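As the structure is a computational prediction, the values presented were derived from the model and not from experiment. We count residues from 1, following the sequence as given.
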Amino acid sequence: MPHLNVSFHQGPEESLDLDALSQALTEIITEKLGVKSQYVSMTIQPVAKQHWSEQVLEKYINQPGYQVIKPVSY
C-alpha cells in the first residue's frame, strides 16, 4: 500500500488543482507499482518557506537511512 507525501512551498495551492494532481500521481503509482488505486494514499502539504527546513529538509531529506531518490540542488 503505497503512500505519497508531497510537500511544496506554500502559495501554489491557491491555483493548483489538488484533485488533478492527486489523480495524476495515483495513475503513475498504479501503473509503475502494479497496485490498484484504492490502495494508494497521499498527503499534499503546503509548507511556509520559513518552515521548510524543519518540516521537510530535517524531517525527510536529511534523515540518515532515508533514501532520497531525486535530490535537489539549492
* **Trace of the side chain to side chain contact (heavy atoms under 4.5 Å, CB included) decision for Thr26 with Met42** => CA-CA 8 Å; Thr26 299; Met42 186 178 317; 3.4 Å; yes
* To do: Take Ser7 and Gln55, measure what side chain to side chain contact (heavy atoms under 4.5 Å, CB included) needs, and give me the verdict at the end.
  => CA-CA 9 Å; Ser7 301; Gln55 291 184 1; over 6 Å; no
* Look up atom CG in Leu25 and atom OG in Ser37, then write down how far apart they are to the nearest 0.5 Å. => 13.0 Å
* Report yes or no: do Val68 and Val56 belong to one cluster of Ile/Leu/Val/Met/Phe/Trp/Tyr joined by side chain heavy-atom distances under 4.5 Å? => yes
* **Rounded distance (nearest 0.5 Å) linking atom OG1 of Thr43 with atom CG of Asn5** => 3.5 Å
* **Any donor-acceptor N/O pair, Gln45 side chain to Phe8 backbone, under 3.5 Å** => no
* Asked: Of all heavy-atom pairs between Val40 and Ile29, which one has the smallest distance, and what is that distance?
  -> CG2-CG2, 3.8 Å
* **Heavy-atom pair of closest approach, residues His3 and Ser41** => ND1-OG, 2.7 Å
* Aromatic rings Tyr60 and Tyr66: how do their planes relate, parallel, tilted or perpendicular, breaks at 30° and 60°? -> tilted
* Taking the side chain as every heavy atom from C-beta outward, state whether Leu21 and Asp17 have any pair of such atoms under 4.5 Å apart. => no
* Single-linkage hydrophobic cluster, 4.5 Å side-chain cutoff, Ile28 and Tyr39 together -> no
* Distance in Å, Asn62 CG paired with Leu57 CG, rounded so as to fall on 0.5 Å steps -> 4.0 Å
* To do: Grab the two heavy atoms, one from Lys36 and one from Thr30, that are nearest each other, plus how far apart they are.
  => C-CG2, 3.9 Å
* If you round to the nearest 0.5 Å, how far is NE2 of His51 from NE2 of His9? -> 11.5 Å
